[in-house]
Amino acid sequence: MSQWKMIVPGTQNIPWQERPAGLQAPMWRYDRNPVIGRNPMPHVARIFNSAVTPYQGGFIGVFRGEQADGVPHIYLGRSSDGLAWRFDPEPIRFVNRAGEPFQPPSAYDPRLVKVEDTWYIMWCTDFYGAAIGMAKTKDFVTFERLENPFLPFNRNAVLFPRKIGGSFVLLSRPSDSGHTPFGDIYLSESPDLVYWGKHRHVMGRGQEWWQNLKIGGGAAPIETSEGWLLFYHGVVGTCSGYVYSVGGAILDINNPSVVKYRSSNFLLTPEKDYEERGFVPNVVFPCATLQDAATGRIALYYGAADSYVGLAFTTLDIVVDYILAHSKVNQSDTELGIR
């Protein structure tokens, strides 16, 4: 009997492999990774840092496609099993409220979250600097762009999968005009996805080496009996460049700006060839999860070396127990800022 429970709809056909015998790590990789390789379609050199969701008995996703000219755009992909993907040949065409074309000049690192009866896409866009773009769809045919929630500079936005206290809730990572050699995770609320406020600091970069440079939101938080389970990325600067790993935290269910537990150890770090070597080496970058509430299974999609899409697995019991066993909440996360 599972000790912890997911408060999410059941999705029983998610990709899955059992934990290898003798493995002590809290996450394990799909043994046929990467699930998406280089040159996945004409004129697109790499797909990575992408997000998926269950849809009509299968799966659908929004994918960061680095085109042959180097400009990233978001492509739509579909799969029956979450492993083999087919992609639309052209990027998603966004429209404004009147149905007129409203295409971003570039778009990358998308997230995809369903709130009530609508799917929302968040990405990093160019708005006189790095900023957050948003759109919504109910059918994955028409994609209506919404107002950009914040001024530049900001990245790594992800919505919570339900309203909290009657408001939409968004995680983001304020940044600067460059590659951002710093960064903390903040939370913001909105009644209508237009006006945002009640900004709160959630957590800062950790004292541990693997996340001592910056952190950023990853997959949409998973609602559980213990709180909101958050997979995020942490970055360390080394003599040979940045290294991106996956961290885990649990946020308070009613006030998710409060960090209940946060693992001092990473959950997943670059180890395989496709994670250590690529367009940007030494990157595992979480963007989406699929979960089965009945079994507690979780499948995590992540970008690998800015070149591939990888898949890793865990269970709710394993990952929550690991976070609790290695928990360390910084003083700044619990005592500073407005609560």
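Quick note: numbers below take in every heavy atom, side chains included, and nothing from hydrogens, waters or symmetry partners. All residue numbers in this chain count up from 1 along the given sequence.
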Stepwise side-chain contact (heavy atoms from CB on, under 4.5 Å) test for L76 and R93: CA-CA 10 Å; L76 193 66; R93 299 303 178 189; over 6 Å; no
Closest heavy-atom pair and its distance - [X], [Y]:
X: R173; Y: D184; result: CG-O, 3.2 Å
X: R29; Y: T269; result: NH2-O, 2.8 Å
X: P256; Y: L187; result: CG-CD1, 3.6 Å
X: V113; Y: P161; result: CG1-CA, 3.7 Å
X: C287; Y: A51; result: O-CB, 3.9 Å
X: P270; Y: E276; result: O-OE2, 3.8 Å

Residue pair [X] / [Y], side-chain donor-acceptor N/O under 3.5 Å:
X: Y232; Y: R262; result: yes
X: N96; Y: E144; result: no
X: Y302; Y: E275; result: yes
X: Y308; Y: N33; result: no
X: S188; Y: H199; result: yes
X: S263; Y: N265; result: no
X: S257; Y: N255; result: yes
X: T11; Y: N13; result: no
X: D252; Y: W228; result: no
X: Y75; Y: Q67; result: yes

Sub-4.5 Å side-chain heavy-atom contact between [X] and [Y]:
X: Y301; Y: P15; result: yes
X: L324; Y: I250; result: yes
X: K136; Y: L146; result: yes
X: R38; Y: S307; result: yes
X: F231; Y: L268; result: no
X: L170; Y: V158; result: no
X: L300; Y: L311; result: no
X: T315; Y: I298; result: no

Same cluster or not: [X] versus [Y], using hydrophobic residues (I, L, V, M, F, W, Y) connected whenever any side-chain heavy atoms lie under 4.5 Å apart?
X: Y30; Y: L23; answer: yes
X: V202; Y: W196; answer: yes
X: V236; Y: M203; answer: no
X: V319; Y: Y261; answer: yes

Mutual orientation of the aromatic rings belonging to W28 and W16 [parallel < 30°, tilted 30-60°, perpendicular > 60°]: perpendicular
Aromatic ring pairing Y244/F285, orientation class (parallel under 30°, perpendicular over 60°, tilted between): tilted
CD/Q12: more than 12 non-hydrogen atoms of other groups inside 6.0 Å: no
Assess the pair [X] and [Y]: is the distance between their ring centroids shorter than 6.0 Å?
X: F63; Y: W85; answer: yes
X: Y55; Y: W119; answer: yes
X: F94; Y: W123; answer: yes
X: Y242; Y: H179; answer: yes

Charged tip of R145 within 45° of F102 ring normal and under 6.0 Å: yes
Test: R46 cationic atom under 6.0 Å from F279 six-membered ring centre, within 45° of axis: yes
To the nearest 0.5 Å, tell me how far [X] [atom1] sits from [Y] [atom2].
X: E147; Y: I132; atom1: CD; atom2: CD1; result: 14.0 Å
X: D139; Y: T142; atom1: CG; atom2: OG1; result: 5.0 Å
X: T224; Y: I253; atom1: OG1; atom2: CD1; result: 6.0 Å
X: S167; Y: Y195; atom1: OG; atom2: OH; result: 15.0 Å
X: N212; Y: I215; atom1: CG; atom2: CD1; result: 11.5 Å
X: L159; Y: F168; atom1: CG; atom2: CZ; result: 7.5 Å

Derivation of the salt bridge (Lys or Arg N to Asp or Glu O under 4.0 Å) call for K5 and E226: CA-CA 8 Å; K5 299 293 183 183; E226 186 62 28; over 6 Å; no
Short question: side chain of [X], backbone of [Y] - any donor-acceptor pair under 3.5 Å?
X: N148; Y: F150; answer: no
X: T118; Y: T137; answer: no
X: R111; Y: G217; answer: yes
X: R19; Y: A25; answer: yes
X: D176; Y: T180; answer: yes
X: T125; Y: G133; answer: no
X: S264; Y: H326; answer: yes

Candidate pair D109 and R155, rule salt bridge (Lys or Arg N to Asp or Glu O under 4.0 Å), full reasoning: CA-CA 9 Å; D109 293 355; R155 292 179 170 90; over 6 Å; no
Chi angles and distances behind the salt bridge (Lys or Arg N to Asp or Glu O under 4.0 Å) call for D88, R78: CA-CA 9 Å; D88 289 356; R78 299 172 178 82; 2.8 Å; yes
Test salt bridge (Lys or Arg N to Asp or Glu O under 4.0 Å) applied to E18 and R297, step by step: CA-CA 10 Å; E18 295 293 339; R297 294 173 175 177; 3.2 Å; yes
Audit row: L230, L171, side-chain contact (heavy atoms from CB on, under 4.5 Å) steps and yes/no: CA-CA 11 Å; L230 176 67; L171 297 175; 3.9 Å; yes
